[in-house]
Protein chains: 2
Amino acid sequence: MNEQEKLDRARERVIETISQNMNLYGITPSIGRLYGLLYFKDHPMTLDEMKEELGMSKTSMSTSVRSLQEMKMVEKVWKKGSRKDQYQAEEDWHQTFVDLFTTKWRPSISINIIAIEKSIFEMERILEAKEVTEEIKAAASDDIKKLHNALQYYDWLNRLVDSFESGEIFDLVSK
Amino acid sequence: MNEQEKLDRARERVIETISQNMNLYGITPSIGRLYGLLYFKDHPMTLDEMKEELGMSKTSMSTSVRSLQEMKMVEKVWKKGSRKDQYQAEEDWHQTFVDLFTTKWRPSISINIIAIEKSIFEMERILEAKEVTEEIKAAASDDIKKLHNALQYYDWLNRLVDSFESGEIFDLVSK
DNA sequence: CAGTTCGTACAGTTTTTACTGTACGAACTA
DNA sequence: TAGTTCGTACAGTAAAAACTGTACGAACTG
């Protein structure tokens, strides 16, 4: 094995390992591998180049790179003389982590809160109703209490995401 | 629709919504639904009861509840007079979040660090080697720099997990 | 304007993951 | 000790996700 091969192999080990562990971020291995490829290239790449290096379809490259863009892990850059779109990886993983956390978590926190609030409202109507047995009211009351705890948790989570987004988290845990 | 049905429906909305959004925690919807069920029951449940309520196989309940246990979201409790195992949901979601984060992230951080360190070592050997072209050395040197950045990130992530585990995070973002 | 090139929607296929039913060991019961 | 009950391993099946190839609109080129 020559030195170039050794270097490639060492690089690929890291790409492979990281992409395998990216499911924690909600990222599939093949998308992770693409990110790894872009991370180690010191210049932007086109869809055709990615396709070539990973041996996958251009369609996959197109959709994968788009989802990486949505997660702000990759950005499109303009390069003179090329009609093709060029993409490069975001280099600062702290920033990537924060963005990922924010873009992924924020929407689902909102969805959960809305569902919980709606259910609390309906349960409170049950408590007010006349013809309801005490047993059902007790159950409703119990559920309402649990849902308020849940709301409190989601509020906390929202504030946690705030602290990520604002960079305040780096005061507690420095880079 | 009677009041009992209204209550059930309100409760199920929350369970369904939350379980759908649990993929962020790396939890499948059906496991999330099981957790939701346990969360709203104010008493521990057996595998047979879960099977009954969710209309799924006992095998699924057994494996699902085990993964919930591993994530510390559910615990087995002893109940006198019953030979069957009884399970109940962890109620404090802040704690659940912290545990989840810790148990899921810690191992994969370690794996990534090990792979990176191994590759850095190999790349440094390339730099020291005699018969290597300057071009390859430059590439190796570049990669090493990137890997050191990665290590720095994982160190940060480890300290972030520390602050979750120790509860220090709640100083920054209060409950 | 006709001819290219590029990126992506969409449908179909392959691969992966989730779920079920059978079967069996362990722990209890009489 | 024989008979139950309980939980789970394992193999097979059903469902879901990832990936590809075709096809086409948009943007460029001559």
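Excluded from the calculations below are hydrogen atoms, water molecules and symmetry mates; all remaining heavy atoms, backbone and side chain alike, are included. The chains referred to below are lettered A, B, ... by the order of the sequence lines, with proteins before strands, and numbering in each begins at 1.
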Practice prompt. May I have the distance from A:Y87 (atom OH) to C:dC6 (atom P), rounded to whole angstrom?
Written response: 13 Å
Item to complete: Give me the residues of residues 43-64 of chain A where at least one heavy atom lies under 4.0 Å from an atom of DNA chain D, by number, or none.
Response: A:M56, A:S57, A:T59, A:S60
Worksheet entry | Phosphate OP1/OP2 of D:dA9 contacted by B:R66 side-chain N/O (<4.0 Å) | yes
Discussion item. Between P on C:dT8 and CG on A:L68, what's the gap in Å once rounded to a whole number?
Written reply: 13 Å
Item to complete: Report the distance from atom CH2 of B:W78 to atom P of D:dC6, rounded to the nearest whole Å.
Response: 16 Å
Fill in: Expected output: side-chain A:Y25 to main-chain A:F97 donor-acceptor under 3.5 Å
no
Fill in: Electrostatic pair B:D162-B:R106, nearest N-O below 4.0 angstrom
yes
Worksheet item: Does some side-chain heavy atom of B:M56 sit less than 4.5 Å from a side-chain heavy atom of B:M50?
Response: no
Fill in: Protein-nucleotide distance (A:R83, atom CZ; D:dC28, atom C1'), rounded to Å
4 Å
Response to the item:
Here the salt bridge (Lys or Arg N to Asp or Glu O under 4.0 Å) pairs for residues 51-68 of chain B, sequence neighbours left out, are B:K41-B:E53, B:D48-B:K58
Worksheet entry | Heavy-atom neighbours of B:E135 CD exceed 12 at 6.0 Å | no
Worksheet item: By a strict heavy-atom criterion of less than 4.0 Å, which residues belonging to residues 13-41 of chain B are in contact with DNA chain C?
Response: B:T28, B:S30
Worksheet item: Do A:L160 and A:W105 pass the side chain to side chain contact (heavy atoms under 4.5 Å, CB included) test, and can you show the C-alpha distance, the side-chain angles, and the key distance before you say yes or no?
Response: CA-CA 10 Å; A:L160 181 67; A:W105 288 66; over 6 Å; no
Worksheet entry | A:R125/A:E128 salt bridge by N-O under 4.0 Å criterion | yes
Fill in: For atom NZ of B:K84 and atom P of C:dA27, their distance in whole Å
19 Å
Item to complete: Answer yes or no: is there a donor N or O on one side and an acceptor on the other, between the side chain of A:S174 and the main chain of A:F170, under 3.5 Å?
Response: no
